[in-house]
Amino acid sequence: MNHITSPAVELRGLVKSFGAVRAVDGLDLVVQPGEVVAFLGPNGAGKTTTIDMLLGLARPDQGTVRVLGTSPDEAIADGRIAAVLQTGGLLRDLTVRETAELVASFVEHPRPVAEVLARAGLNGIENRVVGMCSGGEQQRLRFALALLPAPDVLLLDEPTTGMDVSGRREFWNAIRADAAGGRTVVFATHYLEEADAYADRIVLVSRGRVVADGTAAHIRGIASGRVVSAVFDGRAPSGVELAALPGVELVERRGERVLLHTHASDVLGRIIFGTTGARDVEITSLGLEEAFLTLTSAGAAGDETMRSTR
Amino acid sequence: MSISAPTLTATRPAAGTRPGARLIQPVYLRTELRRLLRNRRSVIISLIMPPGLFLLFGTASAYRAQSAGHGNVTAYIMISMALYGTLLATTSGGASVSVERAQGWSRQLRLTSLRPAVYVVTKVIVAMVFGLASMAVTVLVGWWSGAQLGVLRLVACVLIAWVGSSVFAAFGLFMGYLLPSENVMQILGPALAVLAFAGGLFMPLDGGVFATVAHFMPTYGLAELTRGPLVGSAPSVWAYVNVVVWGVVFAAGAAWRFRRDTARV
């Protein structure tokens with residue numbers, strides 16, 4: 001089939017504003033078929049708005065959205081993309097099975113209801129009324145509904161919010177078991193560990209833009225490093241010059257202070273002290289959370305961030 | 001990829017043949033009816049209260065003996081209560097879109113091939129079926145309780161009330177889309193009772209200011225038309241005008257809010 005050659009998801013220059021707020025601000029993202037991608041960012045980063053546009057629930061102000069080489073509407077109607085939304089979306093007075101049977105009736109060639117319910121780990125509670133199901137069970141039901149059309153692309157918007165640790169693990173096990181067949185999965189999350197544990201690739205978003213994009217190992221690498229920061233008086237080195245220093249992985253400016261992300265802080269520190277007029281030098285280690293915060297807040301003050309792309 | 005698009009289109013079903021594009025959705029209709037019957041509130045309001053009110057107010061022996069047009073007063077009250085019941089049933093059927101929007105169900109449906117218009121059609125069909133069921137209960141109870149009216153005239157009354165209550169299915173839809181409330185019937189239930197009183201559904205209008213105001217109520221025209229076959233005199237032209245005007249207002253309002261609701265922001 002030709003569509004194998006189309007990217008699963010292709011977002012170009014996506015912009016979406018709500019009043020004065022730019023929720024999504026020039027976002028580009030290409031996801032290839034079969035990738036499992038975490039869309040990682042703090043609340044308000046524009047994740048849900050991006051997902052809404054991917055599903056055709058919202059229309060971008062600028063930019064284009066393509067799903068499997070077609071429009072989101074077409075992809076939805078053909079059951080080639082499906083989504084697990086954050087909350088709601090279920091009728092509380094229907095049973096688990098009735099809900100699945102109803103949604104299956106809107107699908108051209110649905111997978112058998114019993115099979116999907118089993119996949120989602122809902123055996124034994126098929127006849128339970130949705131309103132009596134726990135948050136985790138309701139979320140697994142949403143997942144089961146998303147599986148009915150056997151979609152090529154599955155979107156999950158903060159799928160485990162509000163679940164406890166075991167509920168989260170069960171949910172991801174169900175997703176994993178089903179994704180083995182090469183399904184593309186894109187999930188939004190603000191849990192770093194979740195992105196780390198379940199994604200092949202992490203796309204970090206902040207203020208409606210992609211601020212880092214790489215394998216989980218790459219992002220972890222950034223996270224495990226240190227930051228050498230200093231203030232330069234007089235002629236400050238340019239971003240390019242700083243990026244060329246040994247061991248520098250990312251250059252960030254915050255006001256007059258320059259932050260250099262590195263895994264070789266000792267070497268870099270000597271160079272900074274020895275060869276530049278830097279003052280107020282600080283060397284700090286960067287935990288996972290700090291790395292996340294650094295990367296996602298980099299755009300906040302309108303500072304310039306330079307980095308090598310993956 | 002642009003090259004692949006034509007090939008894809010050829011292998012896909014045409015838009016009109018997708019399951020969600022079919023106007024009549026048997027599984028959805030069945031599920032919705034089951035939901036209504038499972039909902040204690042809707043059963044009480046639409047299936048138990050109208051015949052209950054009839055038994056309370058319509059079965060005095062004086063009413064049975066007193067004639068009203070081609071039937072007796074008991075039949076007159078039975079018809080009025082049956083109409084009230086179907087108005088409640090169709091309004092609440094239409095208004096159920098409110099709860100479903102609040103629960104995010106409409107958003108979930110938009111992730112399927114189900115067309116928004118088909119969703120509304122399903123809601124209206126279910127509301128109308130429930131309206132008919134409501135009238136059937138009241139009429140059966142009335143039949144057993146001494147209402148006297150020729151079968152043909154009774155059927156005519158019921159059919160007019162039923163067709164006319166589609167105006168109130170539109171009213172329910174309109175309000176369901178308009179009001180953000182989780183339980184819109186808590187507003188619409190009392191509102192309908194007021195409209196029923198003001199429109200002369202519960203007691204005949206005896207002239208005066210009330211009667212003048214009543215002519216503008218959305219319940220007035222329908223009540224006049226519905227009782228036509230019973231009282232035997234042709235309804236005034238204003239009754240027709242009333243039903244048509246309110247029907248257009250509610251349908252236009254529902255369509256307007258529906259478009260807004262499904263428009264993508």
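In what follows, chains carry the letters A, B, and so on, assigned in the order in which the sequence lines appear, proteins first and then strands, with residues in each chain numbered from 1.
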Does A/Arg168 make a cation-pi contact with A/Tyr191 (under 6.0 Å, within 45 degrees of the axis)? yes

Taking every non-hydrogen atom, the tightest pair across B/Ser113 and B/Gly20: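 That would be OG-N, 3.0 Å.
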
By side-chain hydrogen bond (donor to acceptor under 3.5 Å, both in side chains), which residues pair with B/Tyr177, not counting sequence neighbours? none

Report the option among A/Val107, A/Leu145, A/Leu102 that has the most heavy-atom pairs separated by less than 4.5 Å from atoms of chain B.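 Most heavy-atom pairs under 4.5 Å with chain B: A/Leu102.
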
I need the residue from A/Val103, A/Asp61, A/Leu90, A/Ile81 with the largest number of non-hydrogen atom pairs under 4.5 Å to chain B. A/Leu90

What part of A/Ala82 gets within 4.5 angstrom of chain B, counting heavy atoms only: side chain, backbone, both, or neither?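 Neither part.
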
Considering only heavy atoms, which portion of A/Asp52 lies under 4.5 Å from any heavy atom of chain B: side chain, backbone, both, or neither? side chain

Could you list the donor-acceptor pairs under 3.5 angstrom formed by side chains in residues 165-173 of chain B, with sequence neighbours left out?
from     : atom 1 : to       : atom 2 : distance (Å)
B/Ser165 : OG     : B/Thr86  : OG1    : 3.4
B/Ser165 : OG     : B/Ala161 : O      : 3.4
B/Ser165 : OG     : B/Trp162 : O      : 2.6
B/Ser166 : OG     : B/Val163 : O      : 2.6

For B/Phe202 and B/Tyr84, I'd like to know if the aromatic rings sit close, meaning centre-to-centre distance below 6.0 Å. yes

Interface moiety of B/Arg34 toward chain A, non-hydrogen atoms closer than 4.5 Å: side chain

